[in-house]
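Comments concern the structure below.
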Amino acid sequence: STIARPTPRRVSPAMLSERRCLRQGQGCGRAACALAAVLAARCWGHAAAASVWASDGHGEAIFGWSEAWRSGELRTPATLVHFDTHADMAMPRPLNASASSLELAARVEINDFVTVAVALGRVDRVVWVRPEWAIEHEHGHFHYALALDPAVGAFVSDAPFAKPLQRSPEEVGALRMSLQRSPEEVGECPRGRRYELEVVPFSQESLDVLASQLQPQSFILDVDLDLFATENHGCQRLRRDANLTVGEIQRVVACACEQGLSGAEWDAYACGDRQADGWPLRAEFLAKAAALSEGALEDSLALLCAQPVHYSSEADVEAGVNMLVSWVQGLKAAGMLPGVVTVAESTDGYLPPQYLDRLRPVAGKLADALGVGPPTWVPCTRCVALSIVNDLEVPIEVFWVGDMEDGPAEGGPTEGHALVASLAPGARQQLDSFSGHSFDFHADAEGAQPQFRRGLVHFGEQRQELRLSAFLEATPQHPSEL
């Protein structure tokens, strides 16, 4: 099976910085079609035909999960079988339990959507099947709790994933508040959730044991393609800005990130004695990195060492894919069908680009193994077809807020602040935007210092109308304050 990918809508304006939600066939038109198909199937009394969902960003997998539990295909609370290099279990923001599938997927982050499913009571057991290079948690069987702490307005947990929360820059010393609590403290919070976490290696032995523990229609099969090879945003920076090859990045990782290298290993990687902000790198690496701005090398290396990096051989990738597909075929033969399957490509910084063509067929192979229809691409969860209406009595200039792909904006008062429309009274402008995005506008009055007001594209609806009169009460801002 192959994933049907209709031609994407052209995005306008071209400087959309949050392009992940609009690329690779995820245009707003496509989202509307996909949702219409799901709704039509329900109206006729049938569940959505496709039980295998594919996406770019991994957080969008929760769209498929939500559709499955709403249609009854997935019994909840369910077990999540999570094949991934990363746990994706950071502390989520508070969410509305009645949010639609689209709004859930638009609001989650790529590192917290698993915990969101736990917080909603839809998952009470997570089996994280991780490759040998994953670093976030040790193997074993654990019990954790998750709860919303009203005192801080955030979720807290006794799990090690409850990393510190960065406070505002105004707070002295960039104060950090830990969201990790003792089990007793979490238990004192209202509406807490307890869940199991099993962390097992990606091996045939572990998969055989796991198969004996599952129940039909009561588990989610979730796969991130970075299970087979992975990198991070530090790799992207060094490849793009310092022109390092994959082989050179591997050596930098070994020298700068690996702990406890033996003398022979150090010599084999030729790490050298030179230091760059404390990082032991060879002189030629430093020479390549000379084009980076001040501090950029240190930032890139910090990113490089914060998350796993592993470039697998072709043989290892093929063996891993075959093991996964064979295991799923065994589940099918035993009548052990999952409630839903989700496959994420994670091309935005996590799956090395050279592996994408080789691994993209995995979603179709899993669909074939289960004997279901071809995978459905998750609709663009943050795309919004926006209509901006000037219902005021004066001409208005509308500015796109955000970085652009093609350099500084022309016509904008600040970098990343681009003029996209000049609207006469009563005029309307259609734009492709995304949930959470902002537009600034001001009256086009000659000789006056421009005072901007900001309108926000909200979450949950793919067609929205933004009437400028609704934002007249907002506090005016000068461009330098934006």
Side-chain angles (χ1 to χ4, degrees), residues 1-5 8 20-21 23-26 50-61 63-64 80-88 110-111 113-114 128-134 201-204 206-207 220-233 235-236 239 245-247 249-250 253 307-332 338 340-370 372-378:
S1 300
T2 58
I3 304 172
R5 289 172 176 264
R20 183 173 65 86
C21 76
R23 75 169 187 264
Q24 295 188 355
Q26 299 183 73
S51 57
V52 179
W53 296 87
S55 65
D56 182 10
H58 201 173
E60 294 167 334
F63 178 93
L80 170 63
V81 183
H82 181 64
F83 289 84
D84 199 335
T85 288
H86 311 92
D88 300 331
I110 59 171
N111 66 341
F113 63 98
V114 172
W128 178 21
V129 185
R130 44 163 273 186
E132 61 183 12
W133 53 83
F202 181 40
S203 67
Q204 189 62 59
S206 295
L207 295 184
I220 300 165
L221 176 57
D222 175 60
V223 179
D224 192 323
L225 295 185
D226 73 9
L227 170 78
F228 304 104
T230 193
E231 63 177 14
N232 57 46
H233 293 286
C235 301
Q236 282 190 322
R239 186 168 55 242
T245 65
V246 167
I249 289 174
Q250 288 178 302
V253 170
Q307 293 180 325
V309 177
H310 185 85
Y311 299 102
S312 303
S313 68
E314 289 189 16
D316 286 344
V317 169
E318 183 177 5
V321 171
N322 289 341
M323 181 167 62
L324 175 62
V325 172
S326 176
W327 181 70
V328 173
Q329 289 171 334
L331 294 180
K332 171 71 160 75
V340 63
V341 179
T342 48
V343 179
E345 293 184 351
S346 290
T347 57
D348 193 10
Y350 295 99
L351 179 68
Q354 65 268 31
Y355 294 89
L356 180 58
D357 289 342
R358 194 178 312 149
L359 290 172
R360 180 166 276 163
V362 166
K365 289 181 179 181
L366 295 181
D368 289 342
L370 292 169
V372 299
T376 297
W377 194 262
V378 172

Can you tell me how far apart [atom1] ([X]) and [atom2] ([Y]) are? Round to the nearest 0.5 Å.
X      : Y      : atom1 : atom2 : answer
Lys365 : Ser326 : NZ    : OG    : 12.5 Å
Asp348 : Gln236 : CG    : CD    : 6.5 Å
Asp222 : Thr342 : CG    : OG1   : 3.5 Å
Trp53  : Glu60  : CH2   : CD    : 12.0 Å

[X] pairs by side chain to side chain contact (heavy atoms under 4.5 Å, CB included) with which of [options]?
X      : options                : answer
Leu356 : Gln354, Arg358, Arg360 : Arg360
Val52  : Val341, Val340, Leu221 : Val341
Phe228 : Leu351, Leu324, Asp316 : Leu324

Would you say [X] and [Y] make side-chain contact, with heavy atoms under 4.5 Å?
X      : Y      : value
Trp327 : Val129 : no
Cys235 : Val309 : yes
Arg239 : Pro352 : no
Val325 : Leu366 : yes

Over all atoms of both residues, closest heavy-atom pair of Ala367 and Gly373: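 Reported closest heavy-atom pair: CB-O, 3.5 Å.
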
Chi angles and distances behind the side chain to side chain donor-acceptor pair (under 3.5 Å) call for His86, Asn111: CA-CA 8 Å; His86 311 92; Asn111 66 341; over 6 Å; no

Donor-acceptor pair, side chain of Tyr355 and main chain of Ser312, under 3.5 angstrom: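 Between the backbone of Ser312 and the side chain of Tyr355 there is a qualifying donor-acceptor contact (under 3.5 Å).
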
Thr85 backbone acceptor or donor facing Trp133 side chain under 3.5 Å: no

Between Tyr350 and His58, ring centroids under 6.0 Å: no

Short side-chain donor-acceptor distance under 3.5 Å, Ser346 and Asp226: no

